[in-house]
Amino acid sequence: MSDHEYTPKSKFGKWFNDRLPLLTLASHLTDYPTPKNLNYWWTFGGILTFCLLTQIITGLVLAMHYIAHADMAFDSVEHIMRDVNYGWLIRYIHANGASMFFLAVYIHIFRSLFYGSYKSPREVIWIIGIIIYLLMMAAAFLGYVLPWGQMSFWGATVITNLFSAIPLVGEGIVTWLWGGYSVDNPTLTRFFTLHYLIPFLILGLVVLHIWALHVPGNNNPVGIDIQKPSKDTVPFHPYIVIKDGFALLMFMIVFAFFVFYTPNILGHADNYIEANPLVTPAHIVPEWYLLPFYAILRSVPDKLLGVIAMLSAILILAALPWLDTSKIRSAVFRPLYRQFYWILVADVLILGYVGAMPAEGLYLLIARVATAYYFIHFLVILPILGFKEKTLPVPLSITEPVLGGSPNLAGARIKNKKNL
Amino acid sequence: MPEKKTKRRDFLFTATYAVGAVGVGATIWPMIDQMNPDASVKALASTEVDVSSVNPGKTITVLWRGKPVFIRRRTQEEIAEAKAVSLKDLKHPEKDEDRAKDPEWLVMLGVCTHLGCVPLDQKGDYNGWFCPCHGSHYDTSGRIRKGPAPTNMEIPEYKFVNSNTIKIG
C-alpha cells in the first residue's frame with residue numbers, strides 16, 4: 001500500500017486512528033501515486049463505481065414499491081410508472097442504468113485488453129473483474145425477469161433451460177431453479193431475492209478489485225513499471241479525482257439522454273405485455289449487452305456444446321493473463337497485436353449484430369465464422385504472437401520520451417497519440 | 001525420514017473433521033432443498049380437460065403444471081404422414097404408435113426441448129410445429145426433425161377418463 005507514514009494532526013484524530021486506522025486509509029487513497037499519463041480510457045473505473053451506486057440506490061427505492069408476486073409484479077411496475085412520485089424517473093434510471101453499466105464495463109474491459117492491464121502482476125485484479133462481470137450478467141438477467149412481461153418470462157425460461165443441457169442432472173437442476181415445473185411464482189420470488197443480493201456481492205468484490213489494484217498500482221498507456229512516487233506519478237487527489245469527475249459528467253450526459261429522450265429504445269416492446277406461459281413471442285432476443293454470447297450459443301447446432309461454447313467464451317477471459325505470452329503490456333509497442341486487437345473488437349461487434357438477427361442463412365454462417373475467430377484469437381493468435389511479434393522499443397520511464405530521449409521513443413509517443 | 005506413526009491425536013482430528021462435515025452437510029441440505037417444488041406446487045399435478053368440442057385438424061392448448069399441453073385431434077393425412085416416416089430418419093427415434101395411443105389424439109407438452117419455448121402449430125418444414133426461438137422443426141407426431149432441439153416433444157402421462165375427457169398427470 002502507501003509508502004509513507006501518516007499521523008493525524010488533531011489529538012482526537014490520532015486517538016481514533018490508533019484504534020481504527022481509517023484516516024490512514026483516507027490518506028492513502030488521497031495521496032495514492034497514479035501514473036501521470038493516464039488517458040480518458042482510465043476514467044471508466046470511477047464511472048463504473050458510479051453506475052453500481054446508482055443501481056443500488058434506485059434499486060432500493062424501486063423495491064419499496066415493487067411486489068414480487070406473479071399476479072402482481074407486472075401491475076406493480078405499471079403502478080411505479082404511473083402512480084409513484086417520480087417512479088417513472090427512478091425506474092428509467094434503473095433500467096437504462098443497467099445498459100450504461102455494461103457500456104462502461106465493456107469499455108473498461110477493452111481498455112484492459114489494449115494496454116495489457118491483465119498481465120503480471122495484475123492477474124488477480126483481472127480475475128476479480130471477470131467475476132464481477134459474471135455477477136453483473138446474472139444481476140441484469142435476474143432484474144430483467146422482475147417486471148414479469150413476456151420477454152421477462154421467456155427470457156427466464158430460455159436461460160434457465162440452458163442448465164437442462166447438463167447430462168443426467170440437468171432437468172433436476174432446472175426444476176430446482178424454478179421451484180416448480182415451469183417458470184412461475186416461486187421462480188419470481190427467488191429471482192427477486194438474488195437480484196437484491198448480487199449488487200452487494202459486487203460491491204464487496206469492487207473493494208477487493210481496488211485493493212488488489214492498489215498493491216502494484218495502475219497500469220498506464222505506456223505499459224511500463226514505474227517508480228512510485230516519482231516524477232512519473234501524480235497524487236490521486238486532486239489530479240485524478242478532477243479528471244474522473246469530468247469524464248463522469250460527460251458520461252452522465254449520455255446517460256441522461258437515454259433516460260429522458262429514449263428511455264425504451266434499449267428495451268423490448270414485448271416486455272410491456274404481461275407474461276403469458278401459453279404464447280412465446282415470435283422473436284426472443286436478450287438485452288444488447290448479452291448479444292455476442294447469444295450469437296455464440298446459437299451458432300453451435302448441438303444443445304450441450306452450444307452452452308459450453310457460450311460459457312467458454314466468457315471464462316476464457318479469466319485465462320487471458322496466461323494465454324497472452326507477450327512480455328510487453330501496451331499495444332502501443334505491439335504493432336501486430338494492435339491489428340488483431342481491432343479485428344477482435346470488430347468480431348465482437350459482428351457477433352452482437354448477428355445475435356440480434358434470426359439464426360438462419362447468411363446470419364448463421366457469419367455467426368459461425370465470427371465464433372470460430374473469437375476462440376482462435378485467444379487460443380491460437382495470442383499465444384503465438386508473444387513469440388513471433390517484433391515489438392517496438394519501450395521507454396524506460398513515462399517522463400523520458402516527453403523530455404526528448406532517443407528518436408525511437410519519440411516515434412512511440414506519436415503512435416501512442418494516434419491510437420488514443 | 002522416520003516413519004510417521006498414526007497417533008491418537010490424528011484420529012481425533014479426522015473424527016472431528018468427519019463429524020463436522022456431516023453437520024455442515026445436514027445444515028446446508030434444507031437450505032438447498034427448500035428451492036425444490038413445494039407441496040402446493042406438487043398438489044396441482046393433474047388436470048382434466050373436456051375435449052368434446054375439438055374437431056379434427058384442431059389443437060387446443062391447456063396449462064398443466066404451468067406448462068402448455070397441446071391436445072391435437074389429428075386428421076387422417078397427418079396420421080398417415082406420421083406413420084410413414086422411417087425411424088432411420090429420426091434424430092430421436094420413436095414410433096408414432098408409441099406417442100399417440102389413440103392415433104387421432106396427440107397429447108404432448110407444448111415445450112420445445114431445446115430451451116423451453118412454445119412451438120407454433122401447423123408451421124415448419126414438416127407440417128407439425130416450429131419453434132420461433134431457435135428454429136426447431138417438429139413433425140405431425142411432435143418429433144424433432146430439424147434444428148437444435150435434442151429430443152421429441154415430451155408426452156405427459158394422460159388417460160381418457162371417458163370419451164370426452166382427458167386427464168393429464
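Residue numbering restarts at 1 for every chain, and letters A, B, ... go by the order of the sequence lines. All of these numbers come straight from a predicted model, not from anything done at the bench.
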Has [X] got more than 12 heavy atoms of other residues, nucleotides or ligands less than 6.0 Å from its [atom1]?
X: B:L87; atom1: CG; value: yes
X: B:K83; atom1: NZ; value: yes
X: B:K95; atom1: NZ; value: no
X: B:K159; atom1: NZ; value: no
X: A:F200; atom1: CZ; value: yes

* **Which residues share a salt bridge (Lys or Arg N to Asp or Glu O under 4.0 Å) with A:R190, sequence neighbours left out** => none
With rounding to the nearest 0.5 Å, note down the distance linking [atom1] in [X] to [atom2] in [Y].
X: B:I32; Y: A:W176; atom1: CD1; atom2: CH2; answer: 6.5 Å
X: B:M35; Y: A:T187; atom1: CE; atom2: OG1; answer: 9.0 Å
X: B:S40; Y: A:N185; atom1: OG; atom2: CG; answer: 9.0 Å
X: B:R65; Y: A:T175; atom1: CZ; atom2: OG1; answer: 8.5 Å
X: B:L120; Y: A:T280; atom1: CG; atom2: OG1; answer: 7.5 Å

* Structure fact -> Whatever's closer than 4.5 Å to a heavy atom in chain A on B:H114 counts as both
Can you name the closest pair of heavy atoms from [X] and [Y] and give their distance?
X: A:G179; Y: B:V41; answer: O-CG2, 3.9 Å
X: B:V118; Y: A:P277; answer: CG2-O, 3.8 Å
X: A:Y294; Y: B:C133; answer: OH-O, 4.5 Å
X: B:P132; Y: A:P281; answer: CG-O, 4.2 Å

* Name, in order of residue number, those residues of residues 153-163 of chain A that have a heavy atom at a distance of less than 4.5 Å from a heavy atom in chain B; otherwise write 'none'. =>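 A:W154, A:T157, A:V158, A:N161, A:L162 fall under the 4.5 Å cut-off.
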* Heavy-atom contacts under 4.5 Å, residues 296-315 of chain A to chain B -> A:L297, A:R298, A:P301, A:K303
* Residue pairs, two or more places apart or on separate chains, that pass disulfide (SG to SG under 2.5 Å) and touch residues 140-169 of chain B ->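 Applying disulfide (SG to SG under 2.5 Å) to every pair that reaches into residues 140-169 of chain B, excluding sequence neighbours, yields nothing.
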* Asked: Given the options B:D38, B:L63, B:N36, B:T113, which has more heavy-atom pairs under 4.5 Å with chain A than any of the others?
  -> B:N36
